[in-house]
Protein chains: 2
Amino acid sequence: MKILSRACNYGIRALIYMVANNGGQENTSIGEISEELDISFHFLTKTFQELNRANLLKSSRGPNGGVALTRPAADISMMEIILVIEGDDFFDTCLLGLPDCGNGAPCPIHEVWKDKKDKMRLEFETTSLADLGVRVSEDKMRITI
Amino acid sequence: MKILSRACNYGIRALIYMVANNGGQENTSIGEISEELDISFHFLTKTFQELNRANLLKSSRGPNGGVALTRPAADISMMEIILVIEGDDFFDTCLLGLPDCGNGAPCPIHEVWKDKKDKMRLEFETTSLADLGVRVSEDKMRITI
DNA sequence: ACAGGATAAGATATAATAGTCTTATATCTT
DNA sequence: AAGATATAAGACTATTATATCTTATCCTGT
């Protein structure tokens, strides 16, 4: 059950790495992140550009450059990251793949699925990057392969 | 949030159609199903072959041929269909895409995600084809585009 | 101003998924 | 036995997702 795209996996892990490492407010180079997390540098760069355009990240070039969060990690939810990378319609999906499921003509699993999605959404909304970062830096949870 | 593959969407919808139409025990031709549900005939055929090999369906050729369930629709859960089409490891996934997440070295969202997966699994296990079929034939829920 | 370190961006390659086409094979009806 | 009807199976194509490569651009320190 793959829910998130590779790009999203990478983006979330990368941001957690930044937070666990230096709080996320200081520059971290993409090269370092890609190396530590074993992620393709160029692929990660592109994902970061999206987060950049969405103003979740700010980037700076040159020596001591890198990327950093624009806001405190506690203020950034998983949800925000997911919506930026996967698109705003991420939760508007029918489990059976029907295009306009819900509007008056739901599929037979619509209500149940809607409920599940709402609960996932809530979870993603209430989980911040800071929450995740702490689990990596304090507990022994990991974001590396 | 695409959870199931196209093949799985099609397979589930097709089986629901059969159940809603004639209970699923009588032969229904793949051509009819593919036409009614607007699904590629050949693609659906391949999916049916998998369900066939898994003994969820039996097929017969020639006039009045088609496919039919091998067991009562009430005894077949969504879960079975999903596992056949997506593979038995369908629920063994890490939200962040880490290969061996869980075994002693969980990702920071592992527990939460495990809980969500278990609840989905339970839902899929306790929802039968008969349940879904009834909603289509009695209520006005749909499986067509 | 220059050199080196860093991201930006577009082009290209590869792999996985989805979809189509063709031929083979089985079964029923007459 | 012949013809019509249906699934089986493999080859082929298209599309999307993922990954890589190359060049451009910017920034900092000296």
**Q** Identify, residue by residue, the members of residues 30-38 of chain B with a heavy atom below 4.0 Å from DNA chain C, and return them in order of residue number, or none.
**A** none

**Q** Does the pair B:E123 and A:K116 meet the rule for a side-chain contact (heavy atoms from CB on, under 4.5 Å), with working shown?
**A** CA-CA 10 Å; B:E123 192 69 50; A:K116 291 275 179 266; 3.8 Å; yes

**Q** Could you give the distance from CD (B:E80) to CD1 (B:I82), rounded to the nearest 0.5 Å?
**A**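 Answer rounded to 0.5 Å: 11.0 Å.
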
**Q** Considering residues, nucleotides and ligands other than B:E35, do more than 12 of their heavy atoms fall under 6.0 Å from its CD?
**A** no

**Q** Taking all non-hydrogen atoms of both residues into account, name the closest pair between A:G11 and A:T47 and its distance.
**A** CA-CG2, 4.1 Å

**Q** The test is salt bridge (Lys or Arg N to Asp or Glu O under 4.0 Å); show your working for A:R135 and A:D131 and say whether it passes.
**A** CA-CA 7 Å; A:R135 294 178 204 168; A:D131 297 332; 5.2 Å; no

**Q** Is a side-chain donor-acceptor pair under 3.5 Å present for B:E86 with B:S5?
**A** yes

**Q** Nearest 0.5 Å, what's the CE-CZ distance between B:M78 and B:F124?
**A** 5.0 Å

**Q** What is the distance from CG of A:N27 to P of D:dC27, rounded to the nearest Å?
**A** 13 Å

**Q** Within the sub-3.5 Å range, which N or O atoms of nucleotides 23-30 of chain C have a protein N or O partner, and how far apart are they?
**A**
| residue | atom | partner | partner atom | Å |
| --- | --- | --- | --- | --- |
| C:dT25 | O2 | B:R61 | NH1 | 2.4 |

**Q** Could you state the atom-to-atom distance from CZ of A:F41 to C1' of C:dA9 in whole Å?
**A** 12 Å

**Q** If you compare every side-chain N and O of B:S40 against the phosphate oxygens of C:dT20 (OP1, OP2), does one of them come in below 4.0 Å?
**A** yes

**Q** In this structure, would B:V134 and A:L96 fall into the same cluster of hydrophobic residues linked by side-chain contacts under 4.5 Å?
**A** no

**Q** Are any side-chain N or O atoms of B:T70 and backbone N or O atoms of B:L56, one a donor and one an acceptor, separated by less than 3.5 Å?
**A** yes

**Q** Between A:R121 and A:F91 (side chain of the first, backbone of the second, donor and acceptor by atom type, cut-off under 3.5 Å), is there such a pair?
**A**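 Answer holds: no.
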
**Q** Which residues within residues 88-101 of chain B lie with some heavy atom under 4.0 Å of an atom in DNA chain D?
**A** none

**Q** State, with a plain yes or no, whether a side-chain heavy atom of B:T45 is found less than 4.5 Å away from one of B:Q49.
**A** yes

**Q** Show, in sequence, the C-alpha distance, side-chain angles and deciding distance for B:V19 and B:L69, and conclude whether the side-chain contact (heavy atoms from CB on, under 4.5 Å) test is met.
**A** CA-CA 9 Å; B:V19 171; B:L69 299 177; 3.8 Å; yes

**Q** For the residue pair B:T28 / B:N21, report whether a side-chain donor-acceptor contact shorter than 3.5 Å exists.
**A**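 No.
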
**Q** With rounding to the nearest 0.5 Å, note down the distance linking CG in A:N9 to CD1 in A:I39.
**A**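 A:N9 CG to A:I39 CD1: 8.5 Å, rounded to 0.5 Å.
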
**Q** Backbone N or O of A:R71 within a donor-acceptor pair of the A:Q25 side chain at under 3.5 Å?
**A** yes

**Q** Does a nitrogen or oxygen in the side chain of B:K2 sit under 4.0 Å from OP1 or OP2 of D:dT16?
**A**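 Indeed not, no polar side-chain atom of B:K2 lies that close.
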
**Q** Check the distance between D:dT16's P and A:E86's CD and give it to me in whole angstrom.
**A** 16 Å

**Q** Quick one: label A:K58 by what it contacts on the DNA or RNA (base, sugar-phosphate, nothing), any heavy atom closer than 4.0 Å.
**A**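 Answer is nothing: A:K58 stays at 4.0 Å or more from every strand.
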
**Q** Of all heavy-atom pairs between B:A73 and B:G23, which one has the smallest distance, and what is that distance?
**A**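 Heavy atoms of B:A73 and B:G23 come nearest at CB-O, 4.2 Å.
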
**Q** Would you jot down, in residue-number order, the residues of residues 4-21 of chain A having a non-hydrogen atom under 4.0 Å from DNA chain D?
**A**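 Residues of residues 4-21 of chain A that come under 4.0 Å of DNA chain D are, in numerical order, A:S5, A:R6, A:Y10.
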
**Q** Enumerate the residues from residues 43-50 of chain B whose closest heavy atom to DNA chain C is under 4.0 Å, giving them by residue number; use none for an empty result.
**A** B:F43, B:K46

**Q** Rounding to an integer number of Å, can you tell me how far B:L57 CG sits from D:dA8 C1'?
**A** 14 Å

**Q** Looking only at side-chain N and O atoms, does A:S59 come under 4.0 Å of OP1 or OP2 in C:dA8?
**A** yes

**Q** Using the rule given for side-chain contact (heavy atoms from CB on, under 4.5 Å), can you reason through A:L95 versus B:I3, listing the C-alpha separation, both sets of side-chain angles and the distance that settles it, and then say yes or no?
**A** CA-CA 7 Å; A:L95 188 67; B:I3 291 238; 4.1 Å; yes

**Q** Show me the dot-bracket string of DNA chain C, counting Watson-Crick or G-U pairs under 3.5 Å, with | for pairs to another strand and [ ] for crossing ones.
**A** ||||||||||||||||||||||||||||||

**Q** If the threshold is 4.0 Å, N to carboxylate O, is there a salt bridge linking B:K114 and B:D118?
**A**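 B:D118 and B:K114: salt-bridged.
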
